[in-house]
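Okay, so here's the structure we're looking at.
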Amino acid sequence: MGALVTVQREEGRWAGAGSPHSGFAPAPRPEVGAVEPAAVPLMNVANVLTVLRIAIVPLFLAALFAGGGHDTGWRWAAAALFGIAAVTDRIDGQLARKYGLITDFGKLADPIADKALIGAALVGLSMLGDLPWWITIVIGAREIGITLLRLAVVRRGVIPAGRGGKLKTLVQSVAIAVLLLPLSDGWFTAGMLLMYAAVVLTVATGLDYAVQAARLWFGAPRRTA
């Protein structure tokens, strides 16, 4: 009888320990072979490329304005620096996604690097008289406005970068590259046509982002798991 009571007490104690009404919970058993994910290092190849892109911006501006801004050799150098920076933008994003190198620093620095490069090129070309100021103002106002919208609704949700935004950035980059090259008037005309297309995409995607921001602002905030 005494042994039976002891067994029942033991069973009750262990059952109580695992029950939802007790103050104790059984320790989870680690899975065999399970490995905790390692923290992503800050100085990874994707972030290094992003920092390199930011560092190229002042070098690009120096080359663009060297020799009065229209020296053939320096314009080729400026176009080459812009092309290198634009290529690193695509490479660092692919590396970050493929190898799990996404960090908070990268999320912050990558769009800053993009806007710094595009903005510097647009302002530089306008100062040299190779691009109308109204185009630079429209694109700059759109980028600043969308950034403010993202910050305003960040607690309710995140506005993802859509295909239109990526296409806009691509067309902007190609148009700037063509305008930077010291080529014939025919190439300049082609560059301006691409830039007009970039302006249309800039305004259209900006309106789309504004609609998405309004839906997030006036809708119910998203709950994160």
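Among all heavy-atom pairs drawn from L59 and A55, the shortest one is CG-O, 3.8 Å. The shortest heavy-atom contact between G124 and F65 is CA-CZ, 3.7 Å. Of all heavy-atom pairs between V57 and A116, the closest is CG1-O, 4.1 Å. Contact record, L81 with A63: CD1-CB, 4.1 Å, taken as the closest heavy-atom pair. The two residues D71 and A66 have their closest heavy-atom pair at CB-O, 4.1 Å. Across all non-hydrogen atoms, the minimal contact from A121 to F82 is CB-CE1, 3.9 Å.
In this structure the side chain of V199 never reaches within 4.5 angstrom of the side chain of Q172, judged on heavy atoms. Proximity of L131 to M192: side-chain heavy atoms (C-beta onward) are separated by under 4.5 Å at one or more points. When side chains are defined from C-beta on, Q212 does not count as touching L149, because their heavy atoms never get closer than 4.5 Å. By the 4.5 Å heavy-atom criterion applied to side chains, I56 and I84 are counted as neighbours. You'll find the side chain of I135 reaches within 4.5 Å of the side chain of M195, heavy atoms only. Contact of the L181 side chain with the W187 side chain is not registered, since no non-hydrogen atoms from C-beta on lie closer than 4.5 Å. Residues Y196 and V200 are not in side-chain contact: their nearest non-hydrogen atoms beyond the backbone lie 4.5 Å or more apart. Inter-residue side-chain proximity for V138 and W133 is flagged as unmet; no heavy-atom pair is nearer than 4.5 Å.
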Please assess T205 against R142 for the test side-chain contact (heavy atoms from CB on, under 4.5 Å), listing each intermediate value before the final yes or no. CA-CA 9 Å; T205 55; R142 184 269 190 194; 2.8 Å; yes
Pair L125, L179 - check side-chain contact (heavy atoms from CB on, under 4.5 Å), show working. CA-CA 8 Å; L125 288 171; L179 292 175; 4.1 Å; yes
Taking it one step at a time, do L180 and F60 satisfy side-chain contact (heavy atoms from CB on, under 4.5 Å)? CA-CA 11 Å; L180 287 171; F60 160 73; 3.7 Å; yes
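Looking only at distances, a side-chain donor or acceptor of R75 sits under 3.5 Å from a matching main-chain atom of G69. Side chain of T136 to backbone of L122: a donor-acceptor contact under 3.5 angstrom is found.
Between I139 atom CD1 and S126 atom OG the span is 9.0 Å, to the nearest 0.5 Å. Between T50 atom OG1 and I91 atom CD1 the span is 11.0 Å, to the nearest 0.5 Å. For the atom pair L52 CG and N47 CG, the distance stands at 12.5 Å (nearest 0.5 Å). The OG1 atom of T189 sits 12.0 Å away from atom CG of L183, with the distance rounded to the nearest 0.5 Å.
Under a hydrophobic-cluster definition in which Ile, Leu, Val, Met, Phe, Trp and Tyr are linked whenever side-chain heavy atoms come within less than 4.5 Å, directly or via other members, L64 and I54 are assigned to different clusters. In the hydrophobic clustering of this structure, F188 groups with W134; members are Ile, Leu, Val, Met, Phe, Trp, Tyr whose side-chain heavy atoms approach within less than 4.5 Å, directly or through other members. Both W76 and V174 belong to a single network of hydrophobic side chains, linked directly or stepwise wherever heavy atoms of I, L, V, M, F, W or Y lie under 4.5 Å apart. Under the 4.5 Å side-chain heavy-atom criterion for ILVMFWY residues, no single connected hydrophobic cluster contains both L201 and V211. The same ILVMFWY cluster, assembled from side-chain heavy atoms under 4.5 Å apart, contains both M127 and I118.
With respect to K168 and D208, no salt bridge is recorded, no charged nitrogen being found less than 4.0 Å from a carboxylate O.
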